[in-house]
2 protein chains.
Amino acid sequence: MSRSNPRVLSTLERAGGFASAQEIYRLMQREGESIGLTTVYRALQSLVNDKIVDVLRRDDGEAIYRLCGEAHHHHLVCKGCGDTVEIEGGAIEKWAKAMAEEHGFRDVGHTAEIFGLCTKC
Amino acid sequence: MSRSNPRVLSTLERAGGFASAQEIYRLMQREGESIGLTTVYRALQSLVNDKIVDVLRRDDGEAIYRLCGEAHHHHLVCKGCGDTVEIEGGAIEKWAKAMAEEHGFRDVGHTAEIFGLCTKC
DNA sequence: TACGGAAATGAAAATCATTTTCATTTGTGA
DNA sequence: TCACAAATGAAAATGATTTTCATTTCCGTA
Ligand SMILES: [Zn+2]
Ligand SMILES: [Zn+2]
Ligand SMILES: [Zn+2]
Ligand SMILES: [Zn+2]
């Protein structure tokens, strides 16, 4: 039942290991690959089931898929131009762990983003 | 420009301070209140702008709105039952500020949520 | 009180990501 | 070659959210 289409996986890698289904589909189209949107969705679903990729949500609700095993990191996003800087979590990682423990939560993850205006904006 | 319809706010309160736009709309209908879905969405949007409610996403992508104290804080959310604990940012506040400075960003804000399974789940 | 413009409202249509359906193609073992 | 299961993808369906736009409600002023 492994529908983990390798072309979809490789496109996700090429996209920086971080993209939505629609973006992956458009990227493959642009590169001349013949594939259906449905297949992209099914492949991503399968990769999620196999725990090869992670899924989370953009602020607008669109699902974004991320290769697992990539180093965990956070983002600094410019509200003006959309420029994004990947940053280390540092203190956050400890904070999240401590808070979870304090309240008896297990199997925890976290999200953390910083947004503002970059030097150019 | 305050479209923060008080009936919508009071319904959100009655719903336990935690509901989606569709749920609030259905609840108001069931209680015989005359209101349009569009107005519910606009009222919630306005409440978010006024920072009277928080918005986050269910796993299926649907936006849920939650009443929120005005002090800046973060959340520890149970993936199982949806239980939410408001927590202090502590280290995060400094981290966000430091990261923004390091990259020359100004006018910055941040989001940070921790999710996992609570003791009951 | 009557008028006029601004803000609010909501029904219906549009948008958009995602899922479902279903007919067709492809792959594989006997 | 044959039969059959799995994969594929176009098109339709779904469902939340947004947009449009005509109508109604408010409010300040003459
Ligand atoms: Zn910028
Ligand atoms: Zn982290
Ligand atoms: Zn729980
Ligand atoms: Zn904070």
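Chain letters run A, B, ... following the sequence lines, proteins first, then strands; residues in each count from 1.
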Residue-level proximity of residues 26-39 of chain A to DNA chain C when a heavy atom falls under 4.0 Å: A:Leu37, A:Thr38
Apart from B:Ile92 itself, its cluster of hydrophobic side chains linked below 4.5 Å comprises A:Leu76, A:Val85, A:Ile87, A:Ile92, A:Trp95, A:Met99, A:Phe105, A:Val108, A:Ile114, B:Leu76, B:Val85, B:Ile87, B:Trp95, B:Met99, B:Phe105, B:Val108, B:Ile114
Just by modelled atom types, is the B:Ile52 backbone N or O under 3.5 Å from a matching donor or acceptor in the B:Asp50 side chain? no
Test side chain to side chain donor-acceptor pair (under 3.5 Å) on B:Tyr41 and B:Gln45; report intermediate values, then the result. CA-CA 6 Å; B:Tyr41 273 103; B:Gln45 190 56 59; over 6 Å; no
Which of the following nucleotides, C:dT9, C:dA17, D:dT17, is nearest to the side chain of B:Gln22? D:dT17
Among the candidates D:dT17, C:dT18, C:dT9, find the nucleotide nearest to the side-chain atoms of A:Ala21. C:dT18
Quick check against the 3.5 Å criterion: does B:Arg3 have a side-chain atom that pairs as donor or acceptor with the backbone of B:Thr39? no
B:Leu44 CG to C:dT9 P: how many Å, rounded? 13 Å
Rounded to the nearest Å, what distance is computed from the CD atom of residue A:Gln45 to the C1' atom of nucleotide C:dA17? 14 Å
Please report, rounded to the nearest Å, how far the P atom of C:dT20 is from the CZ atom of A:Arg42. 11 Å
Provide, to the nearest angstrom, the distance between the CZ atom belonging to A:Arg3 and the P atom belonging to C:dT25. 18 Å
Atom-pair distance (OH on B:Tyr25; P on C:dT9), nearest Å: 15 Å
When rounded to whole Å, the CD to P distance for the pair A:Glu23 and C:dA17 reads 10 Å
Sorted by number, residues from residues 55-65 of chain B placing a heavy atom under 4.0 Å from DNA chain D are B:Glu62, B:Ala63
With sequence neighbours excluded, tell me which residues meet side-chain contact (heavy atoms from CB on, under 4.5 Å) with A:Phe115. A:Lys79, B:Thr111
A:Tyr41 OH to D:dA7 C1', straight-line distance once rounded to whole Å: 19 Å
Rounding to 0.5 Å, atoms CD1 (A:Ile35) and CG (A:Asn5) come to a distance of 4.5 Å
With sequence neighbours left out, what residues match A:His73 under ring-ring contact (aromatic ring centres under 6.0 Å, His included)? A:His75
For B:Arg14, salt bridge (charged side-chain N to carboxylate O under 4.0 Å, His left out) partners two or more places apart: B:Glu31
In terms of hydrophobic clustering (I, L, V, M, F, W, Y; side-chain heavy atoms under 4.5 Å; direct or indirect links), are B:Leu27 and B:Val53 co-clustered? no
